[in-house]
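Predicted model only: the values in this text are computed from it and were never measured.
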Amino acid sequence: MTGPELSKGRDAAGLSAAARRVHRAILEAFIVTGRPPEPGELDRISALAGAPPAAVREELSVRDVVAFDEAGRIRAAYPFSPTPTGIRMTWPGGPQVFSMCAIDALGTSAMIGRPVTITATEPGSGAGIVVEVDGDAALWRPDTAVVVVGQEGGDACCGPSVDRTCGNINFFTTGDCAQAWTAAHPTVSSRILSGDAALAEAVDEFGLMLSGT
């Protein structure tokens, strides 16, 4: 089995102008405060952009760049999570922010144009992993760390990434630990990436997320 293809940057590039404006506002709120905008603020931004709020939320959801709950609150705005995960990110002058997954965390520095320190725990063992990322360069501790990119339910699975992939894209201290995890989770379609390969995929996915208008 192979893990999912990653395409959030391309998904965001296909948004309409109004949805793009709202998407940028969501990401910028996380960058500044570590928290997402409230539903009413998103409605206000949508109206200023000349689009019905419900239509904008639907577009963001269909493109799978933001996931909402039934009340219109944000539950995922890749690469950011509004609730705690096992992957924390910090950067100079910024808040502590949680990442949806390992690839999202690795791509955040390229997206925001600042060095980012990632602190993660290995699934199962709880061992600590720290990655200092500056654009397309990174310092890994331990330097044997790898990333598992997995998807529950196989390639035919559908639905938002928060429900099918994010929990299965994680840092591991060694390739052997990653292999043991994948062997213990046979229903997860996965691939194991070296640190360099994972960073390259992350930069490709998120590096241009905030570019354009």
Side-chain angles (χ1 to χ4, degrees), residues 1-13 23 27 30-31 63-67 75-91 97-123 129-141 143-155 157 159-175 177-179 181-182 185 188-211:
M1 295 188 293
T2 59
E5 293 298 320
L6 306 173
S7 62
K8 288 290 178 285
R10 292 184 291 278
D11 295 336
H23 184 227
L27 297 180
F30 273 102
I31 293 167
R63 286 280 178 181
D64 195 23
V65 293
V66 181
R75 61 191 188 103
Y78 320 99
F80 303 123
S81 171
T83 56
T85 68
I87 303 172
R88 292 180 289 114
M89 303 186 293
T90 58
W91 50 83
V97 186
F98 292 97
S99 176
M100 294 303 301
C101 74
I103 293 293
D104 291 32
L106 290 170
T108 297
S109 175
M111 185 184 79
I112 69 175
R114 306 178 200 178
V116 171
T117 298
I118 302 164
T119 305
T121 54
E122 181 177 68
I129 298 158
V130 176
V131 191
E132 297 179 22
V133 186
D134 192 354
D136 61 359
L139 175 64
W140 296 72
R141 298 194 299 273
D143 60 9
T144 54
V146 299
V147 172
V148 169
V149 178
Q151 174 175 287
E152 190 72 42
D155 295 340
C157 186
S161 297
V162 62
D163 296 327
R164 58 188 172 87
T165 63
C166 291
N168 297 306
I169 303 180
N170 290 298
F171 294 100
F172 287 83
T173 53
T174 67
C177 290
Q179 289 281 6
W181 187 90
T182 60
H185 296 79
V188 178
S189 175
S190 60
R191 52 196 172 100
I192 299 173
L193 300 178
S194 68
D196 287 345
L199 179 60
E201 288 205 18
V203 170
D204 179 65
E205 184 171 17
F206 288 100
L208 297 178
M209 184 74 85
L210 282 173
S211 66

Please report the closest heavy-atom contact between Val162 and Ala67, naming both atoms and the distance.
CG1-CB, 4.0 Å
Residues passing the side-chain contact (heavy atoms from CB on, under 4.5 Å) test with Ser109, sequence neighbours excluded, are Val116, Val133, Asp134
Kindly determine whether Ile87 and Phe171 satisfy side chain to side chain contact (heavy atoms under 4.5 Å, CB included), including the steps that lead there.
CA-CA 9 Å; Ile87 303 172; Phe171 294 100; 4.1 Å; yes
Start with the C-alpha gap between Glu132 and Arg141, add the side-chain angles, then the distance that decides, and say whether side chain to side chain contact (heavy atoms under 4.5 Å, CB included) holds.
CA-CA 9 Å; Glu132 297 179 22; Arg141 298 194 299 273; 2.8 Å; yes
For Ala105, does its backbone N or O pair with a side-chain atom of Ser99 as donor and acceptor, under 3.5 Å?
yes
Nearest heavy-atom pair of Ala12 and Val65: which atoms, and what distance?
N-CG1, 3.8 Å
Would you please say whether a donor-acceptor pair under 3.5 Å links the side chains of Thr173 and Glu122?
yes
Where is the tightest heavy-atom contact between Ala77 and Phe30, given as atom of each residue plus distance?
CB-CE1, 3.7 Å
Just verifying a value: how many Å separate Asn168 CG and Cys101 SG, rounded to the nearest 0.5 Å?
10.0 Å
Give me the atom names and distance for the closest heavy-atom approach of Phe98 to Thr83.
CB-O, 3.7 Å
Over all heavy atoms of both residues, which pair between Val146 and Ser194 is shortest? Give the atoms and the distance, please.
CG1-CA, 4.4 Å
Using a distance-only test with no angle check, is there a side-chain donor-acceptor pair under 3.5 angstrom linking Asp64 and Tyr78?
yes
Glu205 side chain to Lys8 main-chain N or O, any donor-acceptor pair under 3.5 Å?
yes
Check ion pair Asp163-Arg75 (N to O, under 4.0 angstrom):
yes
Give, for atom CD1 of Ile112 and atom CE of Met209, the distance between the pair rounded to the nearest 0.5 Å.
13.0 Å
Rounded to the nearest 0.5 Å, how far does CD of Glu152 lie from SG of Cys166?
13.0 Å
Could you pull out the closest heavy-atom pair between Val147 and Trp140, with the gap in Å?
CG2-CH2, 4.2 Å
One should read off an interatomic distance between Phe80 CZ and Met89 CE, to the nearest 0.5 angstrom, of 5.0 Å
Using the side chain to side chain contact (heavy atoms under 4.5 Å, CB included) rule, take Phe172 and Ile192 through it: C-alpha gap first, then chi angles, then the decisive distance, then the call.
CA-CA 10 Å; Phe172 287 83; Ile192 299 173; over 6 Å; no
Interatomic distance, SG@Cys177 vs CG@Asn170, rounded to 0.5 Å, equals 13.0 Å
Heavy atoms, side chains only, cut-off 4.5 Å: are Pro79 and Leu27 in contact?
yes
Do you know which of Thr108, Asp104, Val130, Leu106 makes side-chain contact (heavy atoms from CB on, under 4.5 Å) with Ile118?
Leu106
Please report the interatomic distance CG(Asp204) to CG(Leu199), rounded to the nearest 0.5 Å.
11.0 Å
